[in-house]
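Here, residue 1 is the first one in the sequence, and each next residue gets the next number.
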Amino acid sequence: MIANRTLVMHKCAHVVEGYAAYENVPLRQALDVFYKSQLYTQITQGISDMHCRSDGYLAEELSLELERNRGTSDRGTPKLNQNKNQN
């Protein structure tokens with residue numbers, strides 16, 4: 001199901017803000033990560049009704065997607081949330 005375009009764009013903005021806070025990264029970096037993600041495609045194309053899920057859940061899913069992608073593409077790069085594990 002494809003949702004109203006305005007509502008989807010608001011959802012995207014909230015997910016980007018949530019991801020930036022979750023990973024403690026600048027909004028610009030969070031925006032770049034989001035627009036290159038599979039999650040963005042799923043939300044905007046209405047796949048699995050991802051736009052119906054909470055902003056926090058989607059921000060965490062974006063983080064997990066990035067970790068999975070980094071884990072398979074280049075294992076030498078440190079993960080963004082590495083500082084969380086040190087505390």
Task: ring pair (Phe, Tyr, Trp, His ring centres under 6.0 Å) partners of Tyr57, counting only residues at least two apart - done: none
Open item on the list: Do Leu64 and Val33 land in one hydrophobic cluster if side-chain heavy atoms of ILVMFWY residues count as linked below 4.5 Å?
Closed with: no
TODO: Return yes if some donor-acceptor pair links the side-chain N/O of Lys11 with the main-chain N/O of Arg53 below 3.5 Å, else return no.
DONE: yes
Task: Check: Gln38 main-chain N/O paired with Glu65 side-chain donor or acceptor under 3.5 Å - done: yes
Task: side-chain contact (heavy atoms from CB on, under 4.5 Å) partners for Ala59, two or more places apart - done: Tyr19
- [ ] Would you please name every residue forming a side-chain hydrogen bond (donor to acceptor under 3.5 Å, both in side chains) with His10, sequence neighbours left out?
- [x] none
Task: Test: Asp32 and Arg28 ion pair at under 4.0 Å - done: no
- [ ] Mind checking the CG-NE2 spacing from Leu58 to His14? Nearest 0.5 Å is all I need.
- [x] 12.0 Å
Open item on the list: I'd like to know if Val15 and Met9 are part of one continuous hydrophobic network [Ile/Leu/Val/Met/Phe/Trp/Tyr, side-chain heavy atoms within less than 4.5 Å].
Closed with: yes
Task: Main-chain N/O of Cys52 paired with Asp49 side-chain donor or acceptor, under 3.5 Å - done: no
Open item on the list: Return the CG to CD distance between Leu62 and Glu23, rounded to the nearest 0.5 Å.
Closed with: 8.5 Å
Task: Atom pair CE/OH of Met50 and Tyr40 - distance to nearest 0.5 Å - done: 14.5 Å
Task: CG-CG distance between Leu39 and Leu66, expressed to the nearest 0.5 angstrom - done: 11.5 Å
Task: Value rounded to 0.5 Å, distance of CG in Leu27 from CZ in Phe34 - done: 13.0 Å
Open item on the list: Quick check on side chain to side chain contact (heavy atoms under 4.5 Å, CB included): which of Asp55, Leu7, Ile43 does Cys12 satisfy it with?
Closed with: Ile43
